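Quick notes on the structure that follows.
Here the structure is a predicted model, which means the values were calculated and not measured.
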Amino acid sequence: MASEKRDKEEEEVKTDDGSPKIKPRPIVQLGIFLVAHSPVFSVVFSAAGVLALLILPLLAKNTYISENALMPGSARSMLSNRDVSDGSKLVKDIKNYWLNHEGQGVEVQKLIGKYMSDMGAEVYYQKFHPEGNQFHPLHFFSGPDSYTLLDNVSCASYGVNVAGIIRAPRGDGKESIVLVTPYDFINGGDYEALSLGITSTLFSLLARVTWLSKDIIWLVTDSRYGDYRPVAAWLTEYHSPSFKVSDLLKCGELNTADTFRRAGTVAAALVLKVDGRSERFEDTLSIYAEASNGQMPNLDLINVVNYLAVHRQGFYVKVEKVVSLLSSSWLKIIGEIFEAVGKLARTLNPDWNFGIPAADYLEGSATLASSLYSQALGIPTGPHGAFRDYQVDAITLKISPRFPPDSKTRQHDFFLRGARLLEGTIRSVNNLLEKFHQSFFLYLLTSPSKFISVGVYMIAFALLVAPLPMVAASLYIEGCKALTKSTDNPTENLKSWKWLDAAKQVFALHLLGFIVTLLPYFICQVPGQHSPRNRSIMWGTTSSSLLLITFAIIPGCSPFSSRHHGTNWAVLKSVTISAAFIGLCLMSIINFATAEIGALLLVPTCLMAQPIKPALRSRRIKSLLGAFCSMVLLTIGFPVMFFAISKGLFGEAVVGLSLGGEFWTWLESLWAWKSATYLYIGMVHLPCWLLCLCILFHPS
Amino acid sequence: MASLVRSWIPLLILQSFLVAVAFGSKEAEQFSEALLLKPLPDRKVLAHFHFENRAPPSNSHGRHHHLFPKAISQLVQKFRVKEMELSFTQGRWNHEHWGGFDPLSSMNAKPVGVELWAVFDVPQSQVDTSWKNLTHALSGLFCASINFLESSTSYAAPTWGFGTNSDKLRYGSLPREAVCTENLTPWLKLLPCRDKDGISALMNRPSVYRGFYHSQRLHLSTVESGQEGLGSGIVLEQTLTVVLQPETTSVETNMQPSWSLSSLFGRKVVGSCVLAKSSNVYLQLEGRLGHESKNVDTEIEAHKLWKNADFDLSLKPDRVLRESSGLLFIFDIDKSSDSEPFDLGLNWKLPSKWSCQQAPLQASRFLMGSGNERGAIAILLKATESQEKLPGRELTDGRCTIKANIFQIFPWYIKVYYHTLQIFVDQQQKTDSEVLKKINVSPSTDKVSSGMLEMMLELPCEVKSAAISIEYDKGFLHIDEYPPDANQGFDIPSALISFPSHHASLDFQEELSKSPLLSSFKEKSLVRSYTEVLLVPLTTPDFSMPYNVITITCTIFALYFGSLLNVLRRRIGEEERFLKSQAGKKTGGVKQLLLRLTAKIRGRPIEAPSSESPAAESSFLSTKLIFKIILIAGAAAAWQYFSTDK
């Protein structure tokens, strides 16, 4: 808006200065104007982008139940003391078992299975292999793995899941709801047993109610092998079983062949965990929703749980937040500024009440940062992530009771409330005639009851990347002028092909980035056991030697080449910026949060990059400052460096060579979870960073 | 109302008797009613109402009947229906606990929703027309959307996979149809006593629909008289099968709940329907033969059958029949009256356990894969425990084999790749020639006809499990083909698994009474089971988006046409000349307007503006412009401030 206004003024001035000047079309004029003043605008837009990100907590809206059919909390809970005593009995039996036995075999599974079948459920056991996630470069965006047959299956380690199905009495069996409780069958765990107690209380109720229209599956997963893997194994068996013979079936005394049962399309899934003791006075319920690659379940599912937990069962509901941000002073100052601005606006007009207290702002931004970070990482925050791969909406509920696990008196009340919360949620989902579709899928949470929808948070990103095409265009024009001046040969002056040399270099480095991305797969194939540190060293040396080879082979690529071969740095920067722009825009479609954080790093680096030599030569403060800034940004922009800094922010300082190992492990986890962030780092960030480095040391 | 009916009934009987005598027909129309009760192993009770209405082949009555419903006979005459079956079902039949190898389950375990099949007695070319007309007629008759079966995309013409070999057979099913009292009421209207008297008076709607399974069926078949000039007779069989959970107070979980008719239905039987030739209540107890003595000669032994240490019945049965797997108590309800209603009760004293006989293979079907693009349908056949005991094994080439027919309809938007058919027997992949005996495929045509797959598997007797998988692509629907509301997904109708070499029947050791229910049980019926209905999520456009789409489309149109028109009608040369001429004497638009206005007011031609230096002009103009902008912004802020201030 402001630019337009200025634009108009400019127009007036131009036409009124007396010389007969032809007015070009307004849109072209605007474009030319923006390109001509790109440095100013890039600063304005980038600052606006960062500011927009900072005021996001202010713009968060309260959540609301969008789908009317859900009707949470409208039915009275039918849970009785009989059901609770069923749950308590199971917990007691399991505890007694642990007192008398050592953890071996499948006795606990059988015990749970017996309880399930006594309640009237169909029970089965599923064996699975704990190994699952293996990096394969071609499987990145393909769907969930089809069941890969492992030839060398050893019976030494395998997990056993128990599942019980309650068939809806009058239902048609087309849909089902899954309840998951992870439980370590070997080591037990007092808190984990409580989650079994809650679910079995609920299951006892669901086995006799008549309102069910979807089948209910209760899955007790073997959490010895992590929370995620058993659920993923069960889902794989559910959706894409192998009909071929598997060696795993012969392991152990439990015969599980051909007993796997299904119950239609999964409509929604809830993962329940009881973990640790609440620090607050109330029982605490944490909601985890992020699945792989920043996919979120439908907001309505979170809303229903939040509504029931807060307004019916009196839990304290929270979502993950970055705790270190809560004590940061700069954020507090920003919060206070916003509060003051809000107050000022309110005195002007009582309707402008966008201001929120500084404390709320701090909480909101800490939650938002955590939400952004978990989405950007692309690693699911719990077992619910496995469901998202099958387009099932799922969340993990982690309840922390306020009493120690052996308190009998409080346990009854805890079971009752936990089961009521689940009952209400299941009843709401059960009411649903259609798939979850009403509410948002693209959102960031700033608190359990506040969210920022895609329409709002896109603005920050759009503002951040907006200067890139402008600057690219202006640099290109500049570079062309410089080239035309420098070369006298008219045949070389074909204007439209100026970018070709630079594009070659950009392409070569992107290709290098692609190869570097694939390298870990081959390094993993290297025989012998290597520590992550050694592997990272291997990776580092191969990558840098590849880089040197690239510089040697392709003339003009290297920053150390002679001036004659080198391309004009302005054109090179222009093409680099275009590539970065395209990469960021593509990434914003795949995983918005990654693109947002990536843009925060990459946009200033790309914009500031300029040759360091002329700056040193000129010895002007302005250019020296610019060179210094670009060097600092480049240092931060190096992925390993950024990793170390973010680690430091989270309070874990890593230095020296162990950093390499840590970084390798981190990257390994990224690719093992098929996170697109890994691809982004390798194929967008790294090449652009290298190109910026080339510009920095450009011999012009 | 009841008294009115009762006063009418003798009149009707008299009339029918007179008519019968007057026309001297050999056979009169017959109606019989029966109720079979059967405790199930999972603490539930099955109630099977059976009504049979026979119209003998005669043309003496013309178009009139005494007992037989006129609507049905008109239907048969109009559409030349040879055989037809219509069923409305809610809930799923539990093959594991409720049995799968007795005539009751093979005839009454139906797929969810509506299922209709009919065989016509018309030339081949008219079969489809008759089917379409029939669906509309039935739709009106039963208050259900059976007319959706009219569309050629929803029905198929099975050749042999369905069990009835006829090329004039049409089959269709609507899995999504909700079943309720509005379907039961017209069905009851076909009975001569409706639900006012006799056994059907038990059908208290809340208790019938509270059950775990509910299937109402109407089967009619025409009987050719064989004589020239004589029309065909019609046999109309109406059954209602419900599975109820008796309310129990005992906490003992392994104890079978005790029940009585009044506790199950909330009503009692007060006398039979007077128009019925026979009206009986049967109680079938399975698995009670082992510890009973073989002879029932003595009175004490007979007494022991229904009053013993395990259980006792509240009424003395009129007869007790033995069949291979259990006992059948027969009660005649003619004796009951208002003062002494028939209220059969079963009281269990000891925990008791038994299991039902199951079909040789238990079938389940599920979808594989995820995402909106493609997937696979898998049918899993598992051997049941009772498989080895069953008769009906065949020896082909010295091998013992079980035959299984699979009949499946695919809606057109499920684009099945038939070449991807894979068969696994006991987790070993088999080639088609090894296990597939016969296969018949009719591929679907987009938006025209549905696909159909019939295949006959020949599995070895010792088979533990067999799996069939077939891949498909999901099609795209046109926007108006989506249902108007609630996008849950699309249904694939149940597959039918039948075992052509297995037949279920009850063989009674004694000679049989002439009860139609028992004779229908004695007939050998094909063992068949339906699989689950599947839900396929298809790609669905977000229908709440039209607004956005309209706005975007309009914007694009406006931009396109605007620029196009601009390019077409613009004369750039002229414009340039005009601009050049204007550039010299340019003045502010507002000033020009003011000048024109004053000129108009004064009625004088426009004066040439006084010449000022351009530099002064421009600076004056730009400050003026800034002033104007500030003025407008201030006005807007003030307006905003005062308009919202209360």
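At most 12 non-hydrogen atoms from other residues, nucleotides or ligands lie less than 6.0 angstrom from CZ of B:Phe578. For A:Lys89, the NZ atom sits in a loose shell: 12 or fewer heavy atoms of surrounding residues, nucleotides or ligands are nearer than 6.0 Å. Heavy atoms of other residues, nucleotides or ligands lying less than 6.0 angstrom from CD1 of A:Ile27 number 12 at most.
Among B:Gly375, B:Gly211, B:Pro175, B:Ala378, the residue with the largest count of heavy-atom pairs under 4.5 Å with chain A is B:Gly211. Of the listed residues B:Gln245, B:His214, B:Glu532, B:Arg210, the one with more heavy-atom pairs under 4.5 angstrom with chain A than any other is B:Arg210. Between chain B and the residues A:Ala263, A:Ala69, A:Gly173, the most heavy-atom pairs under 4.5 angstrom are made by A:Gly173.
Across B:Leu380 and A:Phe243, no two heavy atoms sit closer than the pair CD1-CE2, 3.7 Å. Residue B:Leu538 comes nearest to A:Lys435 through the heavy atom pair O-NZ, 4.3 Å, listed as atom of the first residue, atom of the second, then distance. Between B:Met368 and A:Pro241, the closest heavy-atom pair is CG-CD, 3.8 Å.
For B:Val112, the part lying near chain A is the side chain, with the backbone staying farther off; criterion is any non-hydrogen pair under 4.5 Å. Interface residue B:Gln429: only side-chain heavy atoms are found under 4.5 Å from chain A. The contact between A:Arg262 and chain B is made entirely by side chain atoms (from C-beta outward), counting heavy-atom distances below 4.5 Å. Of the two parts of B:Asp491, only the side chain, counted from C-beta on, holds a non-hydrogen atom closer than 4.5 Å to a non-hydrogen atom of chain A.
Once rounded to the nearest 0.5 Å, the distance linking OG1 of A:Thr210 with CZ of B:Phe212 reads 8.0 Å. We find the CD-NZ distance between B:Gln428 and A:Lys244 to be 10.0 Å, quoted to the nearest 0.5 Å. We find the CG-CZ distance between A:Asp172 and B:Arg176 to be 8.0 Å, quoted to the nearest 0.5 Å.
In this structure, the side chains of B:Leu535 and A:Glu175 come closer than 4.5 Å at one or more pairs of heavy atoms.
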Can you list the steps and then say if B:Ser370 with A:Gln391 is a side chain to side chain contact (heavy atoms under 4.5 Å, CB included)?
-> CA-CA 7 Å; B:Ser370 67; A:Gln391 283 91 44; 4.2 Å; yes

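Looking only at distances, a side-chain donor or acceptor of B:Arg92 sits under 3.5 Å from a matching main-chain atom of A:Ala168.
Between A:Arg167 and B:Glu96 there is no salt bridge, since no side-chain nitrogen of the basic residue lies less than 4.0 Å from a carboxylate oxygen of the acidic one.
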